[in-house]
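Notes to accompany the following structure.
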Amino acid sequence: MKIQSVKGTRDFYPPLMAVRNFIADGWKEASRRNGFEEYDGPIFEYLKMYQVKSGDEIVEQLFNFTDRGQRHLAIRPEITPTLARMVNQQINALPRPIKWFSVPRLCRAERPQKGRLREFFQWNIDIIGVDDVLADAEVIYTSIDYLRSLGLTSRDIKAKISSRKLLAGFLINLGIPEGQLDTIYPILDKKTKLPEAVFDEMLAKVISHKRTAAAIKEFMEFKDLSNISDYLLEVIRNSDEGTEAEEELERLLDLLETMGVGDYCVFDPGIVRGLAYYTGVVFEIHDAVGDLRAVCGGGRYDNLLKDFGGPAVSGTGMGMGDCVLEILLREKGLLKDGQIATLQIDNFVAYTDMELQKDAISIAAKLREKGEATDISYKSGSLKKQLKQASNAGAKKCIILSKEFIEDKKLIVKDMGTGEQELINADTF
RNA sequence: GUGGAUGUAGCUCAGCUGGCUAGAGUACCAGGUUGUGAUCCUGGGUGUCGCGGGUUCGACUCCCGUCAUCCACCCCA
């Protein structure tokens, strides 16, 4: 019976595994050089943990099951709730600030499409316990730092930055009841993703006042804080919250400039994020020219720990999936199939006669004991074939046992880079 | 859940308005005077033409159904 792979999953054959490691290793290096510590949690959790934030409809979008003890469990669709749980459990023992990262394998039961699969990897970084926007700047900087290290320039990608607080202050001053904000955010989040007419229709359903709707659209299209119209500025500054958010954003952009990534960053009030739990700075990094979905997204969530039964400690973080990233890197020519070696050995041991096999095995074993990556031919076929195998394995040297070994206990050591070879005494090994 | 496209060798694909034993490139295996990596040459098909029905003397080809994949919606933590 032939069984195929499950929809939305990937088989990581060695060349693809090399790509996956290339991405994950880069994430880990970027995390460490920016001062983040690695953590991980279980791959499944109680289902209700994912319902806290997002309600019951989320259940249809994740893989859930009941174990033999009748526990309702779910394979993790994200790691942030796990992070919140773990931090809450030891909140009084952990030194602040908490700067943690993880590269979890996640599953979501959504319909697969370009840049979105049912099983994927996502780099998460979070800073918990720092109210200062410096923490938001650090998160954005670390994200850019990684992408930049791959060769993506400020012409390739842009970090679009806004603030939920700014938006909230603006909307409230326009006369929108605070309780309605959570319904409006997901709609505004779609502004750039939908045709204008469709968006207008959706917005009209929640905002009947035409001038208010127009003001919201106008606000979301501004690209420069210093160039915003007097009327909108007045609306923003008409509240402490709006004024505070404006100052925070200005400081954030200034910090990013100081960090040397100012040219990657733009203010974009069109960035809202669909999630309810964001409370401050929000951002997404996009392909500057293409129409791929966001490479990563994140923001500040001041109530997350509290929502998971912990204290009111603030956090800010970011998630970056591997699928869109890989597509982007391939489009930019920064990642090519077969470009990353799946095998890198130091020595390959070849022999021209079966009577030499035992000695060859012994020499290979000694090299391995010394810590050198060594492979050996399993049969004494033509030397041509064995050298080809050595070459394919990326061997730096090929050690050949032949008549010189039988006669004088000498080995041929061939440098696979230069092609030069020398005779050495076998007892050197 | 909705719509569109596509299913032929491990991979990329060709195969016309139905007609001989189903093909190419690539990959892989073997060999090219039993001692040298590339290229080249020779040989090897590794296949339930997604699956099931129907039409027909005859189906990879046409029709119906079904399954799968991809793309776009819905959704997106």
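Convention: sequence-line order gives letters A, B, ...; per-chain numbering from 1. Not measured: the values here are computed from a predicted model.
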Rounded to whole Å, the CD-P distance (A/Gln113 to B/C75) equals 12 Å

Check this one for me: any side-chain N or O of A/Lys7 less than 4.0 Å away from OP1 or OP2 of B/C70? no

So what does A/Ser402 touch, heavy atoms closer than 4.0 Å: a base, only the sugar-phosphate, or nothing? base

note: A/Leu304, atom CG; B/A77, atom C1'; distance rounded to Å ~ 11 Å

Value for CD1 (A/Ile98) from CG (A/Asp126), rounded to nearest 0.5 Å, stands at 10.0 Å

Closest of B/U36, B/C76, B/C71 to the A/Leu387 side chain is B/U36

Looking only at B/A38, B/C70, B/A77, the nucleotide nearest the A/Lys388 side chain is B/A38

Pairing partner of B/A59, by Watson-Crick or G-U wobble and under 3.5 Å for both distances, is none

Cation-pi geometry met for A/Lys48 and A/Tyr50 (6.0 Å, 45°):
no

Whole-Å distance, A/Arg118 CZ to B/A77 C1', equals 16 Å

Mind checking the P distance from B/U61 to B/C20? Whole angstroms is fine. 13 Å

Report which part of the nucleic acid A/Asn124 touches: base, sugar-phosphate, or nothing (heavy-atom distance under 4.0 Å, all strands).
nothing

> How is A/Lys385 classified with respect to the nucleic acid when contacts are heavy atoms under 4.0 Å: base, sugar-phosphate, or nothing?
Replying inline: sugar-phosphate

**Prompt:** Say you pick atom P in B/U56 and the same atom in B/G43; how far apart are they, in whole Å?
**Reply:** 44 Å

*Looking at A/Tyr185, is A/Arg273 sitting on its ring face, NZ or CZ under 6.0 Å from the six-membered ring centre and within 45 degrees of the normal?*
no

Can you check whether A/Lys379 has a side-chain N or O nearer than 4.0 Å to OP1 or OP2 of B/A30? yes

* With P as the reference atom in both, quote the distance from B/G3 to B/C62 in angstrom, rounded to an integer. => 23 Å

Check: So what does A/Gly419 touch, heavy atoms closer than 4.0 Å: a base, only the sugar-phosphate, or nothing?
Finding: base

A/Gln61 atom CD is separated from B/C74 atom P, nearest whole Å, by 13 Å

C1' atom, B/G10 versus B/C29: distance in rounded Å? 13 Å

A/Glu422 atom CD is separated from B/U36 atom P, nearest whole Å, by 20 Å

Here the pair of heavy atoms bringing A/Tyr146 nearest to A/Ala30 is CB-CB, 3.7 Å

Rounded to whole Å, the OH-P distance (A/Tyr13 to B/C28) equals 16 Å

Atom CD of A/Glu284 and atom P of B/C76 are separated, to the nearest Å, by 13 Å

When A/Met416 and A/Glu110 are each assigned the nearest nucleotide of RNA chain B, the 5'-most assignment goes to A/Met416

Margin query: In whole Å, measure the gap between the C1' atoms of B/C64 and B/U55 for me.
Written below: 11 Å

Check your understanding: B/G50 and B/G45: how far apart are their P atoms, nearest whole angstrom?
Key -> 23 Å

Note: for A/Arg293 and A/Ala390 on RNA chain B, the residue whose nearest nucleotide lies more 5' is A/Ala390

Exactly one candidate in A/Arg10, A/Arg20, A/Gln122 meets side chain to side chain donor-acceptor pair (under 3.5 Å) with A/Asp322; the answer is A/Arg10

A/Lys414 has its side chain closest, among B/G37, B/A72, B/A77, to B/G37

Scanning all shown strands, the Watson-Crick or wobble mate of B/C70 with both distances under 3.5 Å is B/G4

Side-chain contact check for A/Arg111: nearest option of B/U2, B/G35, B/G37 is B/U2

Interatomic distance, CG@A/Asp302 vs OH@A/Tyr277, rounded to 0.5 Å, equals 12.5 Å

Any strand, both distances under 3.5 Å, Watson-Crick or G-U wobble: B/U36 pairs with none

Counting any heavy atom closer than 4.0 Å, what does A/Ile412 reach on the DNA or RNA strands: base, sugar-phosphate only, or nothing? base

note: A/Asp408, atom CG; B/G35, atom P; distance rounded to Å ~ 17 Å

A/Arg300 side chain to A/Ser314 side chain, donor-acceptor N/O pair below 3.5 angstrom
yes

Partner of B/U42 under the Watson-Crick or G-U wobble criteria, both distances under 3.5 Å, comes out as B/A30

*asked:* Just to be sure I understand the rule, does A/Gln386 reach a base, reach only the sugar-phosphate, or reach nothing, if contact means heavy atoms closer than 4.0 Å?
replied: nothing

Return no unless some side-chain N or O of A/Lys384 is found under 4.0 Å from OP1 or OP2 of B/G37.
yes

Can you check the distance between B/G25 and B/U21, where both ends of the measurement are the C1' atom (answer in whole Å)?
22 Å

Given side chains that start at C-beta, do those of A/Asp375 and A/Val349 come closer than 4.5 Å, heavy atoms only?
no

**Study point:** Integer angstrom distance from the C1' of B/G47 to that of B/G53
**Key:** 22 Å

So A/Glu420, base contact, sugar-phosphate only, or nothing? Heavy-atom distance under 4.0 Å. nothing

